[in-house]
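Counting starts at 1 for both ligands and their atoms, in listed order. Only this structure's heavy atoms are used, side chains among them; waters, hydrogens and symmetry mates stay out.
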Amino acid sequence: MTTTRFAPSPTGYIHVGNLRTALMNFLIAKKAGGTFILRIDDTDPERSKQEYVDAIQEDLEWLGITWDRMERQSERLERYEQAAEELREKARFYECFETPTELDLKRKKQLNMGKPPVYDRAALDLSEAEKEALRAERGNGHWRFKLIQERIEWTDGILGDLSIDAASVSDPVLIRGDGQFLYTLASVCDDVDFGVTHVVRGSDHVTNTATQIQIIEALGGAVPEFAHHSLLTGPQGEALSKRLGTLSLRDLRAAGVEPMALVSLMARLGSSDPVELRENMDEVADGFDIGHFGSAPTKFDEQDLYPLTARILHEQPFAAMAADVKAAGVPDDLAEQFWEVTRENIVTRKDLATWWDLFANGAEPEIDEEDRAFIAEAMALLPEGPFDGETWGTWTKAVKEATGRKGRGLFMPLRKALTGQSNGPDMSAVMPLLQVVKARG
Ligand code: GLU
């Protein structure tokens, strides 16, 4: 039985980087007919916020990513305490009292001596009496997991055969001095207890995986399959980490990106499969294979989402857009006609309101100096409204005869004068929708 999980910390909104992780785990479970767990990593009570828990669910639902089960780490603290006790009994857990400043000093010394900055395990030599004295002086210590110093190996679903020398890694801290369980212990307990079979996450977790494998083994759990996807960069290969804050799913939604545009792109980007627009999650899951993803950083360009969004919208029948057309302010009797006229010219749903505003309230066109007299003359020939499907043809014919202009020089300034735009729908179809004409030249 395949079980996967997506495990965000509710300390902010989820962004495109998180989405990639969520999608990969979701699609593995979906394809296998397994279970997908949404796990909220909220062991940090200060930084975790309920508003972000709500927002994460809302964002995933918007995309059509549904979960079979939801868990919160803050509700499982007793279980983590029990795991900590088990590690103590097995002599794989030890209390340390160094302050952050002392640890920093140790690291600097090691680096100066050309050594890797790995924790020196000084606390292992403390006697019970020394620990008592330190506890009295500094309060409770933090707890480190004692790694077995051997090579830790696994076959990664994306990166292939990996091996990390445990001696090159510091014994991980699993409980802080103030008693807070850190993500590593909580995550390992959850993966074991919930029967997680596949863990896909960013390549920034590779070292964590090595230590987690040893903790899982120490707790007698089954080690899941791990896969680490590459991190996203900007279009030029620049680091995206600082910009991720502006690439939250809610910002993209507010910008008008369609959910299936985002899903279609993110489920294939960085793989050997082409990005193709999919209509629903079943189709996305069909061709998905984690083994097709590469280890190189994945370039993400937000702008790629817009042509996909436009294509989705262009294919919508009126019935699917009626509510949006109404919300844009279009009266019912013009709604379907408006949709047919503008559909090929919108990129996002937000553009509906922009077009309707032009038609309803008139454009404020910038008329080139050399066209002013021409536009004034043309406007004098414009018949009284309401316009119909013939108006554009008869009007431009009359303007042509009066001014001698033809082709682009005739049509383009007129289009601009009426709509303020150089491009747009067929003007014969636009005319009947124009409620106000402002241009005078
Ligand atoms: N809460 C962790 C994170 O967001 C989860 C990592 C994992 O998938 O284990 O980085």
Inset, instruction - Evaluate the ring planes of F93 and W143, with Trp represented by its six-membered ring, and classify them as parallel (under 30°), tilted (30 to 60°) or perpendicular (over 60°). - result: tilted
Inset, instruction - For D41, counting its heavy atoms only, list the atoms of ligand 1 lying under 4.0 Å from any of them. - result: 1 (N), 2 (C), 5 (C)
Legend entry - contact_flag R5 ligand 1 heavy-atom lt 4.0 Å: yes
Inset, instruction - Looking only at protein heavy atoms, identify the closest one to atom 10 (O) of ligand 1 and say how far it is in Å. - result: H205 NE2, 3.0 Å
Inset, instruction - State the atoms of ligand 1, each with its element, that fall below the 4.0 Å cut-off from a heavy-atom position in S9. - result: 1 (N)
Inset, instruction - Look only at the side chain of R20 and the backbone of G202, and say whether a donor-acceptor pair between them is shorter than 3.5 Å. - result: no
Inset, instruction - State yes or no: are the ring centers of F338 and F318 separated by less than 6.0 Å? - result: no
Legend entry - N/O donor-acceptor pair under 3.5 Å between Q180 side chain and R176 backbone: no
Legend entry - D42 side chain vs S74 backbone, donor-acceptor pair below 3.5 Å: yes
Legend entry - Contacting atoms of ligand 1, where contact means under 4.0 angstrom from a heavy atom of R201: 7 (C), 8 (O), 9 (O)
Inset, instruction - For the pair T309 (side chain) and E258 (backbone), establish whether a donor and an acceptor sit closer than 3.5 Å, ignoring hydrogens and angles. - result: yes
Inset, instruction - Specify the protein heavy atom at minimum distance from atom 6 (C) of ligand 1: its residue, its atom name, and the distance to 0.1 Å. - result: Y183 OH, 3.2 Å
Legend entry - Closest protein heavy atom to atom 5 (C) of ligand 1, given as residue, atom name and distance to 0.1 Å: A7 O, 3.2 Å
Legend entry - Geometric N/O contact V199 with ligand 1, under 3.5 angstrom: no
